[in-house]
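Below: one structure, written as structure tokens.
Heavy atoms only: backbone and side chains are in, while hydrogens, waters and symmetry mates are out. Order of the sequence lines fixes the chain letters, A, B, ..., with proteins taken first and strands second; residue numbering starts at 1 for each chain. Fair warning: this is a prediction, and the values are worked out from it, not measured in the lab.
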Amino acid sequence: MNLNQFLIMRHELLLIGVVLLVLIAELFIKSEKKHFMIPFAIVLFLLYTIVGFLPAKTGVLFGGMYQTSELVILFKNILNVAVFIILLQSASWLRKDINHERISEFYIILLSSLIGMNFMISAGDFLMFYLGLETATIPLTALAAFDKYKNKSAEAGIKFILSSALSSGILLFGLSILYGTTGSIYFTEVAEKLVASPLLVLGFIFFVSGMSFKISLVPFHFWTADVYEGAPVNVTSFLSVVSKGAAAFIFMVILFTVFKSLSNMWGDVLYLLSILTMTIGNLFAMRQKNMKRFLAFSSIAQAGFILLGIMGASELGMTSVVYFVLVYVFSNLAAFGVVSVISDKTGLESMDDYNGMYRTNPKLSLIMMLALFSLAGIPPVAGFFGKFFLFTSAASKGYYWLVLIAVLNATISLYYYLLVVKAMFINKNDTPIAKFKSTFTDRLALIICVAGIFAIGFASPIYELIRSLSFGF
Amino acid sequence: MNILALFIIIPILTIIGILSTKDHRGTRIVSAIGMGLQLITSVVLIIMFYAERNAGNHADMLFMVDYMWFESLNIHYLVGVDGISVAMIALTSVVTFAGVFASWEVKDLPREFFISLIVLATGVFGFFISLDLFTMFLFYEVAVIPMYLLIGLWGSGPKEYSAMKLTLMLMGGSAILLVGLFGIYFNSDPSGASHYTFNIMEISKITIPMEAQRFFFPFTFIGFGILGALFPFHTWSPDGHASAPTAVSMLHAGVLMKLGGYGCFRVAMFLMPGAAHELAWIFIILTATSVVYGAFGAIWQKDLKYINAYSSVSHCGLVLFALLMMNETAMDGAIIQMISHGLMTALFFALIGMIYGRTHTRMINEMGGLMKIMPFLAVCYVIAGLASLGLPGLSGFVAEMTIFVGAFQHPDTFHRVVTILACSSIVVTAVYILRVVGVLLFGPIRNDEFLKLTDAKWFEKVSTVTLILAVAFIGIVPIWLSDLIRLSLKPILDQLSSF
């Protein structure tokens, strides 16, 4: 194995380098100057993100265990941008005294989780896939419990580790059955030897259930709301955007490559899951008053829409999923960004606290409105295009009734998104959230998100780029 | 530069202009200038359109511009106009212009108000010039969503409820519509090479398989029909109109509801003529119900805005009713009715807003004798009322006359019976209009407070006079409008008669 081959793993290796640098810097920095770690880590990660966009080699390593393609690299870059925005958003939260001693810990744990995700989406066999998944999940537990002095945060941590341990167990059981029936763990070989025997179907169902936990599809979603509510806002946004996006991507890739010949079966399974996920996610989201829980349920519903793209099982479907995740990164992070800024400045997280906010903080309210419209799929912001293409993908296979249910669900989701808009713009409040000035990093993060929300929809080259890299069958 | 691009660019520039203003004076002046330019542009468009036609250009669509947008899905930014869209654009500019002046005194968050209003208008303009189903759908939704803030923030009465109801019902309509559009898209390539298109003109050249038409026609027609207040999906309209601020009621009843009718014939009937013939009877019954029900609904109302909202349901039902008759005279009448009702109802809502702004009540039994107090507004109200009940010389007469003559041309019993039933709405309309005029304007003055009220201010005069001129113009020279429409109706009628 020479250097050139090594460079195929550029993303992972550089990221490990970043983590080590942060770790080393942490050793040498004086206790009272810990906050210098924040710009250091952000700049370091920014450099890494930029390097990630440089042209890279693709190929297969370790005898097929690890593989990258242009699409995988693109997806890693999308995740990097998302994490960069999250790092910006978390800066002012980390600056607080209570987090002073744990700044570097946050970065190291968060980026370790990202390393796991990178390995997971580059997996070429089920072993690497599982290792990546666990590397991504375990640090997340620590992150969820990061506000350990808060009961809810500790609760979130324990709930997350228990439910992910359970789902990993189920997933692993499914994978071992797959190995038992096909005699291989390599994606390509499993795909060749796949015969629909009852045992294999059982393994497949276990696999889907395990993945459904990770993407929080209904009825495997019960951990989501509590964990999202308890975890610090920035961790919640990491969970709901980066973690979910990566899991959805690899789920789609495995379905498209490994379980290609079972496509009729998983078509039916996903049909049911997507209807359940959209509908129940929406019905629960309507009743939420805490903004984090609200966004948690809304992100459950969004996962249901992603399944529509996967069901397209075509180039168009894959394009629409990756494109939707890209749009979702910017829209959801904009929404979480506003929640995070307000939570940092005032500690308020309830929807009623947002009443009358437009009169005191017009810019934040506008950004929130744009983000919510984008999540609801209202033109001219990017969410409209993302949803439209997902629906196109499902319609291309003739799932017209499913599309009808999905668009009606999108209308229902508009209802609760409008509730927030109503709170900010229309509801009267004698003591609205006071006018405040957000920090530079918060503003930068929100500007990037808003630019993304506006630009991605109209910029068809981005869509066409993803399209040219996608594959279907 | 293509003239149609101006209809998108001018509003955007106006919005940027509004953002740079400091107070409500600057805001409204910038908006008035912007929308005035828009009005001038649409007059120029009409002149250019006639010039092209007289020069012998008989293409279906003029001033077409085509940009490839999403290449792999064959989505284009494709715009172009025929006579009907030109007429609709002219209507929109007139109503928007009048709407800006009708909201001259919005003091609460004026910048946000005018920006939302102009975004709404942009969506409408974009919709009328689109020839690609994707962009058409995009603009349709752009036109609907600002309504939520406009009604919720600046409305009156149960505004939050009405705003939510209206937005969700219209978005639900667009959801149903989207399924229809996908159905059209994925059936747009009979060769089986998966080269689908959203281009309306191209799809009209092929025949969508009959079973697909039967399945997707109802989705498309109802999807658009909800915006056109098709019974039983009209319930958003009375509440929405009643709670909306003046300019929004004007734009909404005057223009936005016309998107429904326009979409019904431009997309649903034009692209799926077979199913249109087969399923017309269902929708004829529904629209005839709209017509009669709306008129009777208006009789029972005591609130001026509700009266007008129900009357709009009735009149917009008449548009869809006439379209479904599918002959030249009736469809001609349908388009004239769209324009005529758009102007007339905008005038109504403008006047109601102005009266309400003075009396602070919209209940007709609390007011009376307004003719003595505010003669200008009262006279305008009478004109609007007479146009609405179809007095010759005003636009309403031309429209309704043409529609019923066209509808009666069908020799079979079913069509004749529903036509006669629908005709009865004319009488009912006369009842509620004359009752309002009688009580509101001519009765005794019931409240001494009202004696202190003033007549119209200059900006209110600008608003109403613009609309009255347009109403009278169509009433006196309907041939001008018919000329615009007739040639453009031909491809649609050819398409429909091929089945």
Side-chain angles (χ1 to χ4, degrees), chain A residues 314-316 319-320 323 358-359 362 365-366 369 373 376-381 384-385 387-389 391-415 417-419 421-422 424-427 457-464 466-468 470, chain B residues 67-73 75 77 108-109 111-112 116 119 122-123 126 134-135 137-146 148-149 151-155 159-160 163-165 167-186 194 196 198 212 215-216 219 223:
Chain A
S314 57
E315 211 182 317
L316 172 64
T319 317
S320 64
Y323 185 78
Y358 182 72
R359 311 269 167 173
S365 311
L366 278 175
M369 184 176 79
F373 280 176
I378 301 293
V381 281
F384 168 77
F385 297 87
K387 282 232 170 90
F388 188 90
F389 297 138
F391 297 152
T392 314
S393 155
S396 73
K397 289 280 163 173
Y399 293 118
Y400 290 107
W401 289 112
L402 180 66
V403 173
L404 180 66
I405 295 171
V407 279
L408 289 178
N409 260 307
T411 314
I412 297 174
S413 75
L414 181 64
Y415 166 73
Y417 291 128
L418 282 180
L419 284 184
V421 176
K422 173 170 164 262
M424 294 186 303
F425 285 80
I426 297 172
N427 287 358
F458 287 103
S460 54
I462 297 177
Y463 178 84
E464 297 299 337
I466 299 173
R467 173 84 179 206
S468 66
S470 300
Chain B
Y67 295 111
M68 182 57 94
W69 196 355
F70 290 94
E71 197 174 351
S72 52
L73 288 170
I75 290 174
Y77 172 79
D108 184 31
L109 301 176
R111 281 201 295 184
E112 289 78 356
S116 310
V119 169
T122 317
F134 179 83
T135 39
F137 183 74
L138 188 146
F139 282 120
Y140 174 97
E141 294 218 327
V142 168
V144 170
I145 201 70
Y148 180 75
L149 283 181
I151 298 178
L153 258 174
W154 294 277
K159 53 184 186 176
E160 290 161 19
M164 192 62 97
K165 183 173 178 181
T167 317
L168 289 185
M169 279 193 78
L170 295 187
M171 280 302 179
S174 81
I176 296 171
L177 170 65
L178 186 61
V179 177
L181 296 187
F182 280 135
I184 296 172
Y185 176 69
F186 285 110
S194 299
Y196 306 121
F198 278 115
F215 187 71
F216 293 112
F219 282 106

Of the backbone (N, CA, C, O) and the side chain (C-beta and beyond), which part of B:L153 lies under 4.5 Å from a heavy atom of chain A, both, or neither? both
Just checking A:F458: does its CZ atom have more than 12 heavy atoms from other residues, nucleotides or ligands closer to it than 6.0 angstrom? yes
Got a second to check how far B:Y148's OH is from A:Y417's OH, nearest 0.5 Å? 15.0 Å
Greatest number of heavy atom pairs closer than 4.5 Å to chain B - which of A:S468, A:G398, A:A395: A:A395
Looking only at A:P362, A:S460, A:P380, A:P461, the option with the highest number of non-hydrogen pairs under 4.5 Å against chain B is A:S460
Could you look at B:M164 and say if it's the side chain, the backbone, both or neither that has a heavy atom under 4.5 Å from chain A? side chain
Looking only at heavy atoms, what is the nearest atom pair of A:L418 and B:T167, with distance? CD1-CG2, 3.9 Å
Of the listed residues (A:L404, A:T319, A:V421, A:L419), which shares the most heavy-atom pairs with chain B below a 4.5 Å separation? A:L404
Which of these, A:V407, A:I405, A:L408, sits in a side-chain contact (heavy atoms from CB on, under 4.5 Å) with B:V179? A:V407
Scan B:F216, B:F182, B:F219 and name whichever one has a ring pair (Phe, Tyr, Trp, His ring centres under 6.0 Å) with A:Y400. B:F216
Write down the atom of A:M369, the atom of B:L149, and the distance for their closest heavy-atom approach. SD-CD1, 3.7 Å
Please name the pair of heavy atoms, one in B:S72 and one in A:Y463, separated by the smallest distance, quoted to 0.1 Å. OG-CE2, 3.4 Å
So which part of B:F215 gets closer than 4.5 Å to some heavy atom of chain A, the side chain, the backbone, both or neither? side chain
What's the spacing between B:W69 CH2 and A:F385 CZ if we round to 0.5 Å? 4.0 Å
Closest non-hydrogen atoms of A:I426 and B:E160, given as atom of the first, atom of the second and distance, are CG2-OE2, 3.4 Å
Atom CD in B:E112, atom CZ in A:F425: separation rounded to 0.5 Å? 8.0 Å
How long is the gap from CG on A:L414 to CD1 on B:I145, to the nearest 0.5 Å? 5.0 Å
Between CZ of A:F384 and CG of B:L138, what distance do you get to the nearest 0.5 Å? 4.5 Å
Which heavy-atom pair separates B:F70 from A:E464 by the least distance, and what is that distance? C-OE2, 3.2 Å
Minimum heavy-atom distance between A:G377 and B:E141, given as atom pair plus value: O-OE1, 3.7 Å
Can you tell which part of A:F391 gets under 4.5 Å to a heavy atom of chain B, answering side chain, backbone, both or neither? both
Are side-chain heavy atoms of A:F389 and B:I75 found at a separation under 4.5 Å? yes
Let's go through B:V144 and A:I378 carefully: what are the C-alpha distance in whole Å and the side-chain angles of both, what is the deciding distance for side chain to side chain contact (heavy atoms under 4.5 Å, CB included) to 0.1 Å, and is it a yes or a no? CA-CA 10 Å; B:V144 170; A:I378 301 293; over 6 Å; no
